[in-house]
Structures are given as structure tokens and as C-alpha cells.
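Reviewing the structure listed below.
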Amino acid sequence: MAAGFKTAEPLEYHRSFLKENCRPDGRELGEFRPTTLNISSISTADGSAMVKIGNTTVICGIKAELTTPPSDAPNKGYIVPNVDLPPLCSSRFRAGPPGEQAQAASQFIADVIESSDLINMEELCIEKAKLCWVLYCDIMCLDYDGNLLDACIIVLLAALKNAQLPEVTVNKETDLAEVDIQKKRRLKISRHPVGSSFAVFDDSIIIVDPTAEEESLSTALMTVVTDEEDRLCAVHKPGGTSLSGEKLQHCINRAITRNKEISKLVDKVIGSMKATK
């Protein structure tokens with residue numbers, strides 16, 4: 001009977017739970033799904049990680065390449081994130097060029113990298129106006145069940161913390177780059193941005209970490225990104241119903257708590273990997 005009600009009236013089905021301050025999967029309104037993290041998931045990448053938030057599974061591989069610094073920032077390297085949502089991860093996505101959601105996610109991740117000062121881009125420069133690193137961060141969703149952006153930020157942060165770059169010098173006589181594969185260094189991560197996503201039901205009820213079904217039934221979606229010093233890095237709210245200042249502050253406070261939980265998880269996983277080496 002419940003299954004029939006859920007199929008025929010999905011919104012009413014969810015409302016019946018929300019009235020009781022819980023959700024169909026048994027979570028409280030402010031409760032995230034279990035989050036697990038693995039690093040060094042792709043042996044051929046310079047850095048990699050895989051994260052699961054509930055069923056949502058996202059993997060990130062980083063490839064570092066040498067290139068010329070951009071003309072408007074000759075003393076900086078750069079990071080190019082790309083989010084891929086293949087048909088494999090959900091029936092809602094089609095094969096072919098990136099769809100609107102994948103493009104929006106890629107742009108959002110690029111904005112977070114910039115606004116959070118995740119990495120000092122000058123660290124990626126080897127020789128001013130001549131040589132720098134570009135980090136291609138390919139983020140692929142393997143299983144889509146909502147809350148893509150939170151997963152993308154966690155997996156990017158973990159993959160960057162896992163990445164190692166070989167030592168590179170420019171030979172003064174030949175002007176050519178010389179790469180020493182034996183000597184590798186980790187990236188210096190300046191900030192730890194973490195996202196917390198929220199869905200709004202009936203313009204007033206706020207839930208965290210929405211599933212794909214909850215996203216589709218909500219009246220607004222929002223992602224709040226904070227760093228480890230409780231600073232607000234980004235707020236992403238693509239349309240939908242407006243939120244009061246009080247509700248927005250509630251979301252920011254929840255995001256600050258979530259940052260501490262995720263930072264602890266990332267450090268624990270990175271630490272355990274270093275210990276086993």
C-alpha cells in the first residue's frame with residue numbers, strides 16, 4: 001500500500017514523513033547520509049579519491065601537465081575541474097556532450113577553487129612566464145542519488161591532498177624542463193572548503209543532503225560552502241523559493257559543523273594511508 005501511495009503521490013508521501021520531522025529513509029531533517037572516503041583509487045593518476053554519500057558515488061582523478069602560465073597571471077599555474085555525469089550513473093543523463101547539470105557543477109567547482117583559496121596558484125608555477133603545472137581534475141559520478149555538489153567538493157579536496165608532483169627544473173643552458181620522477185612533493189592545500197547542500201520543501205521545511213527524489217520534489221536547492229575557519233566561501237542557490245535571513249543562518253551553522261566532520265574524515269583517511277606506506 002505504501003509503495004502505491006509513494007508512486008501515485010510522491011510529494012504527499014514525503015510530506016507525511018516531514019510532518020513527523022523525519023524522512024522516508026529514516027533520517028532526521030538535519031542528518032547527512034553515511035559518508036565514506038577512499039584515496040589513491042586510480043593508480044595511473046597523480047592523485048585520486050572516491051567518495052560515497054549514501055548511494056551517491058563520485059570518483060576524482062588528477063593529471064598534472066606542464067604548460068605555459070596564462071599571460072594574465074605569468075607567475076601562477078591553474079586547475080581545470082571537469083564534472084562528468086554519464087548515463088551509467090543515472091537514467092536521467094544521456095550520452096553525448098556535457099548536459100546542463102554537469103556544466104553547472106563544473107563551473108561551481110571552479111568558483112569554489114577560486115573563492116576558497118584552496119591552493120596558492122603561485123605554488124604551481126615553476127618559472128615565471130615560462131613553465132607551470134596545470135592540474136586536470138576529472139570528477140566522474142558513478143552512481144547518482146542526489147547531492148552531487150557536496151560529493152564533488154569532498155572528492156576534489158581529498159584527491160588534491162593525495163596528489164604528488166615530481167620535481168621540475170628548467171635547464172639554464174638548454175632552456176628545457178627536466179623532470180625528476182624520483183623526487184615528488186605533495187601539494188600545499190591552503191584551505192579546506194566543504195559543501196553542505198539543502199533542499200527546501202513547501203517553501204519552509206529545510207532538509208540536508210537531499211536524495212535525488214527529494215531534490216526533484218523540493219521548491220528550492222542550495223549549497224553552502226565554508227572553510228575550516230568557519231568562513232563562508234560560496235552560496236549556490238539556482239532559483240526557487242527565497243529563504244529568510246534566519247533560515248540562511250541556520251544552514252550556514254549546519255555547514256560549519258559539517259566542515260569539521262568532513263575535515264576530520266579526510267585527515268583520518270590521508271593519515272592512515274601515510275601510516276601504511
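Computed from a prediction, not measured in an experiment: that's the story for all the values here.
Nearest heavy atoms, Leu157 versus Pro193: CD2-O, 3.9 Å. Closest of all the heavy-atom pairs between Pro166 and Asp180 is CB-O, 3.5 Å.
Using a 4.0 Å cut-off between a side-chain N of Lys or Arg and a carboxylate O of Asp or Glu, Glu167 and Arg185 do not qualify as a salt bridge. With salt bridges taken as basic N to acidic carboxylate O contacts below 4.0 Å, one links Asp209 and Arg33. The residues Lys264 and Glu261 are annotated as not salt-bridged, no charged nitrogen and carboxylate oxygen being separated by less than 4.0 angstrom.
Counting heavy atoms from C-beta on, the side chains of Lys161 and Val266 come closer than 4.5 Å. Contact annotation: the side chain of Asn259 never approaches that of Ile262 to less than 4.5 Å [non-hydrogen atoms, C-beta and beyond].
Atom NZ of Lys260 has more than 12 heavy atoms from other residues, nucleotides or ligands within 6.0 Å.
Taking the six-membered ring where the residue is Trp, His236 and Phe108 present tilted rings, their angle falling between 30° and 60°.
Gln164 CD to Ile181 CD1: the interatomic distance, rounded to the nearest 0.5 Å, is 11.5 Å.
Using modelled atom types and a 3.5 Å distance limit, the side chains of Ser116 and Asp227 yield no donor-acceptor pair. Thr219 and Asp203 share a side-chain donor-acceptor pair at under 3.5 Å. A side-chain N or O of Ser40 and one of Asn162 form a donor-acceptor pair less than 3.5 Å apart. No hydrogens or angles considered: nothing links the side chains of Ser115 and Asp111 as a donor-acceptor pair under 3.5 Å.
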**OP:** Applying salt bridge (Lys or Arg N to Asp or Glu O under 4.0 Å), run through Arg191 and Glu229 and close with a yes or a no.
**Re:** CA-CA 9 Å; Arg191 298 271 169 222; Glu229 291 180 4; 3.3 Å; yes

Under 3.5 Å, side-chain donor or acceptor atoms of residues 75-91 against the rest of the protein: list the pairs with distances, not counting sequence neighbours.
from, atom 1, to, atom 2, distance (Å)
Asn75, ND2, Glu122, OE2, 3.3
Ser90, OG, Arg92, N, 3.1

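A side-chain contact (heavy atoms from CB on, under 4.5 Å) with Val179 is found for one member of Thr169, Leu165, Leu66 and no other, namely Leu66. For the side-chain contact (heavy atoms from CB on, under 4.5 Å) criterion with Phe198, the lone passing option out of Thr223, Leu248, Ile207, Val208 is Val208.
Residues Ile256 and Val224 share a hydrophobic cluster, clusters being chains of Ile/Leu/Val/Met/Phe/Trp/Tyr side chains in contact below 4.5 Å.
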